[in-house]
Amino acid sequence: MRTMKHPSKFLMLSVVAMIAAATAQAQISNIRPADQRGINVFETPKTDSMPFTKLAFSWGGTFTQDFQNLTHSNTAIPVMVGTVNSNALMPIGSGFTTSMANLNFNIQLARGIRTELEMYLSTRHHTDTWVKGGYIQIDASPWDIPMLNDVMKCLTIKIGQYENNYGDSHFRRTDAGNGMYNPFVGNLIVDAFTTEIGGDVTFQHKGFIVMGGLTGGTSQGQVQAPGKHQPAYLAKIGFDRQINEDLRVRLTGSMYNNAKSTSNVLLSGDRGGSHYFDVMESATSTEASAAWSGNIQPGFSNRVAAYVVNPFVKYRNVEFSGNIETITGGTAAETTDRTWRQLSGDLVVRFLPRDMAYIGARYNTAQGALVGLPGDVDVQRTQVGFGLFITRNVLAKVEWVNQNYNGWPTTGIRNGGNFKGLMFEGAVGF
């Protein structure tokens, strides 16, 4: 949605910001801050000992504004559809992109029980306000029973529609208007992110993490098409510990398995859309129809089995984050599975008092098979970024990105494809 068409929604966000500033958000327990304090927070920590006194309510929001200066090119031969070359790329130049904004509501219902409603106010993909999801989270027993109190010291229960806890990259990605946690502008090439209806239980004790979950396998509820869909299963096991004052080490392994679905969107569930606008897209495309520019969506709509290992190491002000991933699946029409493999690693150095500034670099490569192509294709992306926190709620970023496409046939629009250039982004979170 474009800001010129919907100014009332940004007025609403301004009002929310003023209300949020006056709200006692400190009364909401086990919540990830939407500002700088939320960086490198993964699963909800079990360290919040805030007593419950009464029903508490808080509002918050995030929004981003980008300025894009990218160029793109390809070597595909013309393919004429009538008088139009379908392999002609969209002419692009420098300019501001569509603003994106999120709105969050949190309510502390009882001791250790809170609910959250997450909304997209303005995104590239959706032209109206959409609810991202809503869920209830239980971190402590609402009844003061010693046995339950002891059990819940290590458990977190989550039920509703919410962001799947598959892998760790979803904790460091940009989600529409929320760009505070991502040191770069773009996410991974194959972006494993979706919201599904279900529940999970997470065990955390002395740095050890074990999670198991079950969802419906789609981003929406479904009672139709019996026999054509099955539940999706999630699991994560790992270790995350501050070894000493200088060193933090985290290593997790995750899996997601959905044997049958009418519309699985693990790899295409980002309803906000990419922050790289119109790159490598046809001249006849639109922002909404080509909302995931620069990403690869393998099209595993019927079945998918995904496995990922995520190392994370932070030594003083230097942090490394990795993503080693294998994903297999297919459409209902395919009799054999296809496989995609993705590798990513980024190094970030934070400096100045309170880590107000950082520099970082990421290399990301993805390789696999797409429907209708004779062999594997691969995509390589390099990102170099710099960020400065004006305050803990306001972040300014600049990124240089270079992405190459290899293996596409000469009749495909991505043959010899490349986009590169600078991105500038302002992000706010409160």
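Along the sequence shown, the residues carry numbers beginning at 1.
- Ion pairing between Arg316 and Glu245 fails under the 4.0 Å rule for side-chain N and carboxylate O.
- One side chain, Ser289 or Thr286, offers a donor N or O that lies under 3.5 Å from an acceptor on the other.
- A cation-pi arrangement is absent between Arg414 and Tyr405, since the terminal nitrogen or guanidinium carbon is not both under 6.0 Å from the aromatic centre and inside a 45° cone about the axis.
- Side-chain contact between Leu89 and Asn74 is present, with at least one heavy-atom pair separated by less than 4.5 Å.
- Residues Glu399 and Lys397 are not paired through a salt bridge, judged by the lack of any N-O separation under 4.0 Å between the basic side chain and the carboxylate.
- Side chains of Ser99 and Gln65: a donor-acceptor N/O pair is present below 3.5 angstrom, by distance only.
- A cation-pi geometry, defined here as NZ or CZ lying under 6.0 Å from the six-membered ring centre and within 45° of its normal, does not hold between Arg173 and Tyr181.
- No hydrogens or angles considered: a donor-acceptor pair under 3.5 Å links the side chains of Tyr120 and Asp175.
- Contact of the Pro183 side chain with the Tyr358 side chain is registered, since non-hydrogen atoms from C-beta on lie closer than 4.5 Å.
- Residue Asn402 holds its CG atom at 5.0 Å from CG of Asn418, rounded to the nearest 0.5 Å.
- Contact check for Leu234 versus Leu214: no side-chain heavy atoms found under the 4.5 Å cut-off.
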Indicate every side-chain donor-acceptor pair of residues 369-382 with a distance under 3.5 Å to a residue at least two apart or in another chain.
unit_1 : atom_1 : unit_2 : atom_2 : d
Asp378 : OD1    : Asn406 : ND2    : 3.0
Arg381 : NE     : Gln403 : OE1    : 2.4
Arg381 : NH1    : Asn187 : O      : 2.4
Arg381 : NH2    : Gly294 : O      : 2.9
Arg381 : NH2    : Gln403 : OE1    : 2.9

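- With salt bridges taken as basic N to acidic carboxylate O contacts below 4.0 Å, one links Lys236 and Asp168.
- Side-chain atoms of Thr410 and Asn415 form no donor-acceptor pair, as typed in the model, at a separation below 3.5 Å.
- Side-chain contact between Ile39 and Arg350 is present, with at least one heavy-atom pair separated by less than 4.5 Å.
- Ser86 contributes a side-chain N or O that, together with a main-chain N or O of Val79, makes up a donor-acceptor pair within less than 3.5 Å.
- Counting only heavy atoms from C-beta outward, the side chains of His229 and Gln222 approach each other to under 4.5 Å.
- Using a cut-off of 4.0 Å between Lys/Arg side-chain N and Asp/Glu carboxylate O, Glu319 and Arg250 are scored as not salt-bridged.
- Cation-pi geometry between Arg248 and Tyr315 is not met at under 6.0 angstrom from the ring centre and within 45 degrees of the axis.
- For Leu266 against Ala306, the heavy-atom pair with the smallest separation is CD2-CB, 3.9 Å.
- Salt bridge absent: Arg114 and Asp139 never bring a charged side-chain N and a carboxylate O closer than 4.0 Å.
- A salt bridge does not link Arg341 with Glu325: none of the charged nitrogens is closer than 4.0 Å to a carboxylate oxygen.
- At least one side-chain heavy atom of Tyr276 sits under 4.5 Å from a side-chain heavy atom of Val401.
- Asp35 has a carboxylate O that lies under 4.0 Å from a charged side-chain N of Arg392, or vice versa, which qualifies the two as a salt bridge.
- Heavy atoms from other residues, nucleotides or ligands lying under 6.0 Å from CD of Gln220 number 12 at most.
- Side-chain contact check for Asn310 and Asn323: at least one donor-acceptor pair (N or O, by modelled atom type) lies under 3.5 Å.
- Residues passing the ring-ring contact (aromatic ring centres under 6.0 Å, His included) test with Tyr166, sequence neighbours excluded: none.
- For Asn364, the side-chain hydrogen bond (donor to acceptor under 3.5 Å, both in side chains) partners two or more places apart in sequence, or in a different chain, are Gln342.
- Across all their heavy atoms, Ala76 and Ile413 have their closest contact at CB-CA, 4.1 Å.
- Taking the six-membered ring for Trp, His125 and Trp292 have ring centres closer than 6.0 Å.
- Aromatic ring centres of Phe312 and Phe42 lie closer together than 6.0 Å.
- Between Lys420 and Leu70, every side-chain heavy-atom pair lies at or beyond the 4.5 Å cut-off.
- Screening Thr215, Thr218, Asn264, Asn302 for a side chain to side chain donor-acceptor pair (under 3.5 Å) involving Asn258 leaves a single residue, Asn264.
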